[in-house]
Amino acid sequence: MKRPEIKKIKHRIESLSSLPTIPPVVTKILSLIDSEDTSLKKIGEFISQDQSISARVLKIVNSPIYGFPGRISSVHQALMLIGLSAVKGMLLGISIFDMMQQSMVGLWEHSIGTAIASRVISIKADIKNPEDVSIAGLIHDIGKVALSMCYPNQYKEALKRASEKGLYIIEAESEVFGITHAQAGRWLTEKWNFPKELIDAVSYHHTPSSSGQYRRTTSIVMLAENIIKMMGFGFSGDPYVHNMDESILKEIGIVEDDLSEIFAEIEDSIADKEALIL
Ligand SMILES: [Fe+2]
Ligand SMILES: [Fe+2]
């Protein structure tokens, strides 16, 4: 199979914004969020006009991704709780759900598991915005969706190579594309004007030390996705769990003794499979 030209890959991924898989109403809401004179109230009203998006917003805030105790029954209340900065990631998380389901078996479970684990770790580490880190976990592998949507056959080839040759998926992607899903995700999230914290998590979750300001978030996502892989939840394309050293715990601000509690809480949260379908 001929390796596609990197310039072309970038171009194709960047044109993904115009695909019908992102509902037009989400595109509108996203531009509303970016506009200067916006407010939670305005965005809430806009979301409320679309029944299917409203239903999904309510489903996600009541899911273990956020872990708010008690039921949240209005979009406005939901937005108040998560805040403006998290709305964007949440809407994109919702709208890539179908794409994830279609692009790779098990990727959705891997992503939602990573979101939940990211929140649990963030709370343990006393992070002030666990919701944002959770969304970073949800979308961290969005580059896989982008690559497999633009190049379905080549992506299948990368998955096959990973399993047959025992490679990490990033190694197999490099062989097939000359880039990894981290790079692909970076192109996509930069093009879509994601918040910087999310762009960093998407770009550096395999190399958190390359991340600057958001190294802590990026490290949490890395640990979270590894724990989820160890638990055998979902499928990320990797035949193995990545190596990690203790420095990552230090970076996050937790100690080894915290891990057993973290594991138990994650296991509890992913037990209800129904709640994990958005
Ligand atoms: Fe992952
Ligand atoms: Fe990844």
Side-chain angles (χ1 to χ4, degrees), residues 9 13 65 89 92-93 96-97 99-122 132-151 154-156 158-159 161-163 166-190 194 197-211 214-244 248 251-252 262 266 269-270 276:
I9 302 178
I13 287 175
I65 293 189
L92 287 159
I96 60 170
F97 170 70
M99 289 194 244
M100 275 209 180
Q101 294 270 49
Q102 288 157 18
S103 62
M104 224 175 107
V105 176
L107 183 60
W108 174 255
E109 288 79 3
H110 170 71
S111 304
I112 202 159
T114 303
I116 291 165
S118 298
R119 184 178 59 85
V120 171
I121 298 166
S122 299
D132 292 342
V133 185
S134 178
I135 289 297
L138 185 68
I139 64 159
H140 76 282
D141 273 340
I142 196 170
K144 288 177 187 167
V145 179
L147 279 177
S148 68
M149 284 188 77
C150 296
Y151 299 95
Q154 283 93 335
Y155 207 78
K156 273 189 202 119
L159 284 168
R161 283 196 201 186
S163 98
L167 299 173
Y168 287 119
I169 187 69
I170 46 174
E171 294 170 325
E173 287 165 347
S174 298
E175 281 188 10
V176 175
F177 295 101
I179 54 145
T180 69
H181 65 274
Q183 176 65 63
R186 181 185 193 135
W187 287 330
L188 188 72
T189 50
E190 279 181 347
F194 271 37
E197 184 174 17
L198 295 182
I199 298 179
D200 260 38
V202 166
S203 312
Y204 303 121
H205 65 275
H206 291 283
T207 50
S209 58
S210 309
S211 167
Y214 297 109
R215 191 182 291 191
R216 207 170 169 208
T217 300
T218 313
S219 303
I220 291 175
V221 172
M222 186 191 207
L223 176 63
E225 80 148 336
N226 270 299
I227 292 177
I228 280 299
K229 279 186 209 166
M230 279 181 226
M231 290 180 169
F233 191 77
F235 180 63
S236 71
D238 276 330
Y240 324 107
V241 175
H242 282 261
N243 279 334
M244 273 182 312
I248 192 157
E251 191 66 62
I252 296 170
I262 287 175
I266 295 172
S269 303
I270 58 177
L276 306 183

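What's counted below: heavy atoms across the whole structure, side chains too, no hydrogens, waters or symmetry copies. For ligands, and for the atoms within them, numbers begin at 1 and follow the listed sequence. Since the model is a prediction, treat every value here as computed from it, not as a measurement.
Side-chain N/O atoms of Ser111 and Asp141 include no donor and acceptor closer than 3.5 Å. For the residue pair Glu173 / Tyr168, no side-chain donor-acceptor distance below 3.5 Å is found, with atom types taken as modelled. In the model, Tyr204 has a side-chain atom that pairs as donor or acceptor with a side-chain atom of Arg186 under 3.5 Å.
At the Fe ion (ligand 2), the vertex angle linking NE2 of His205 with NE2 of His206 is 90° (nearest 10 degrees).
The distance from the Fe ion (ligand 2) to the nearest N/O/S atom of His140 is not under 2.8 Å. Metal site remark for the Fe ion (ligand 2): Glu225 contributes no N, O or S atom at a distance under 2.8 Å.
For the atom pair His140 NE2 and His206 NE2, the distance stands at 6.5 Å (nearest 0.5 Å).
Per residue Asp141, closest N, O or S atom to the Fe ion (ligand 1): atom name OD2.
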